[in-house]
Amino acid sequence: MTVLPRAFYEQEVTDVARSLLGKCLVRRWQGQFLTGMILETEAYRGEEDLACHAKSGRTPRTDVMYGAAGHAYIYFTYGMHWCLNAVCAAEGFPAAVLLRSVWPLTGLEEIAKRRGRFPLEKWCDGPAKICQAFNLNGKLNRANLCTTDDELWIEDGVEFPAERVVIGPRVGISSVPEPWRSLPWRFLIQLTEEEKA
DNA sequence: AGCACGATTAACT
DNA sequence: GTTAATCGTGCTC
């Protein structure tokens, strides 16, 4: 397995969101590795994107999105949930890919400590569920995803053919005005029952 | 200082 | 389909 290099993230954020499908999210935790295959992503792009947190400019919260690509942006929302993004694009331009769903691969016993009360298919099928499952919170905000120095990174994985990629509008932004609400910036792989086994 | 709301989830009718 | 949970963030006064 190869850790994705910084150059991978220094691209158009929509391209990175598409390319992240099939890649492997890795969390080092208490001497073991929790991993999962990325199945759903969304792109958030620039201050003009009214769905993007950077719509209100550079603030303490959004500062990391303006920095170098290949770092984690982990934010807190709804008073209880954390969500994980990968910062993309050139330094100075705020953009990030939200990881919305992964398929758990290893460290299942550890993941089950937090998600085991639900069926396996529901362990990581939402942005805040990923953070619960992988034990991610603000402590890993700004983590460097391009090395194994921090406890979070992304490695090479499976290549899905283009016809497997479902593309549609981003979810959870119904109060955002057009055209942003309907831009096709969500990318999804639907696993077959065979692939889940 | 106060306020409205959120890139959500899970439980409930 | 509806709603509570729960608090950081950015905006208004």
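Hydrogens, waters and symmetry mates play no part in the numbers below; they use all other heavy atoms, side chains included. The chains referred to below are lettered A, B, ... by the order of the sequence lines, with proteins before strands, and numbering in each begins at 1.
Across the protein-nucleic acid pair, A:Ile173 atom CD1 and B:dG6 atom P stand 12 Å apart, rounded to whole Å. As rounded to whole Å, 11 Å separates atom P of C:dG10 from atom CG of A:Asp63. A:Leu50 places its CG atom 13 Å from the C1' atom of B:dA7, with the value rounded to the nearest Å. Regarding A:Glu42, its CD atom lies at a distance of 12 Å from the C1' atom of B:dT8, rounded to whole Å. Taking atom NZ of residue A:Lys55 and atom C1' of nucleotide C:dC11, one finds them 12 Å apart after rounding to whole Å. Taking atom CD on A:Glu40 and atom C1' on B:dT8, their separation rounds to 13 Å, with Å as the unit. Counting to the nearest Å, the P atom of B:dG6 and the CZ atom of A:Arg61 are 11 Å from each other. Distance, A:Arg117 CZ to B:dT9 P: 13 Å, rounded to whole Å.
Residue A:Ser175 places at least one side-chain N or O under 4.0 Å from the OP1 or OP2 atom of B:dG6. Dashed line: the shortest gap from a side-chain N or O of A:Arg186 to OP1 or OP2 of B:dA7 is not under 4.0 Å.
Here A:Arg170 lies out of heavy-atom contact (under 4.0 Å) with every strand. A:Ala51 comes within 4.0 angstrom of a base, heavy atoms only. Contact annotation for A:Phe76: backbone-only contact, meaning every heavy-atom pair under 4.0 Å involves sugar-phosphate atoms and none involves a base.
The side-chain tip of A:Arg170 points at the ring of A:Tyr44 from less than 6.0 angstrom away and within 45° of straight on.
Salt bridge A:Arg45/A:Glu12: present, at least one basic N to carboxylate O contact under 4.0 Å. Salt bridge status for A:Lys23 with A:Glu159: present, with a side-chain N to carboxylate O gap under 4.0 Å. Look at A:Arg100 and A:Asp125 and you find no salt bridge, because none of the NZ, NE, NH1 or NH2 atoms lies under 4.0 Å from a carboxylate O. A salt bridge does not link A:Glu110 with A:Arg27: none of the charged nitrogens is closer than 4.0 Å to a carboxylate oxygen.
If A:Lys129 and A:His53 are placed on DNA chain B by their nearest nucleotide, the residue sitting closer to the 5' end is A:His53.
Note: A:His53 and A:Tyr75 meet the aromatic proximity criterion, with ring centroids under 6.0 Å apart.
Between the side chain of A:Arg181 and the main chain of A:Ser174, a donor-acceptor pair closer than 3.5 Å is present.
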Structure string for DNA chain C in dot-bracket form, Watson-Crick and G-U at under 3.5 Å, | interchain: |||||.||||||.

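Of the candidates C:dG10, B:dA7, C:dT6, C:dT6 carries the atom nearest the A:Met80 side chain, counting heavy atoms from C-beta on. Between B:dA7, C:dG10, B:dT9, one nucleotide has an atom nearer to the side chain of A:Arg115 than all others, and that is B:dT9. Of the candidate nucleotides B:dA7, B:dA10, B:dT8, B:dT8 has the atom lying nearest to any side-chain atom of A:Tyr78. Counting only heavy atoms from C-beta on, A:Phe118 has its side chain closest to B:dA10 among C:dT9, B:dA7, B:dA10. With distances taken from any side-chain atom of A:Gln132 to the nucleotides B:dA7, C:dC11, B:dA10, the minimum falls on B:dA10.
Between the side chains of A:Trp123 and A:Glu121, no donor-acceptor pair of N or O atoms lies under 3.5 Å.
Look at the C1' atom in both B:dC5 and C:dT3: the space between them is 16 Å, to the nearest Å.
Ring-to-base geometry places A:Tyr44 in a stacked arrangement with B:dA7 (centre distance under 5.5 Å, plane angle under 30°).
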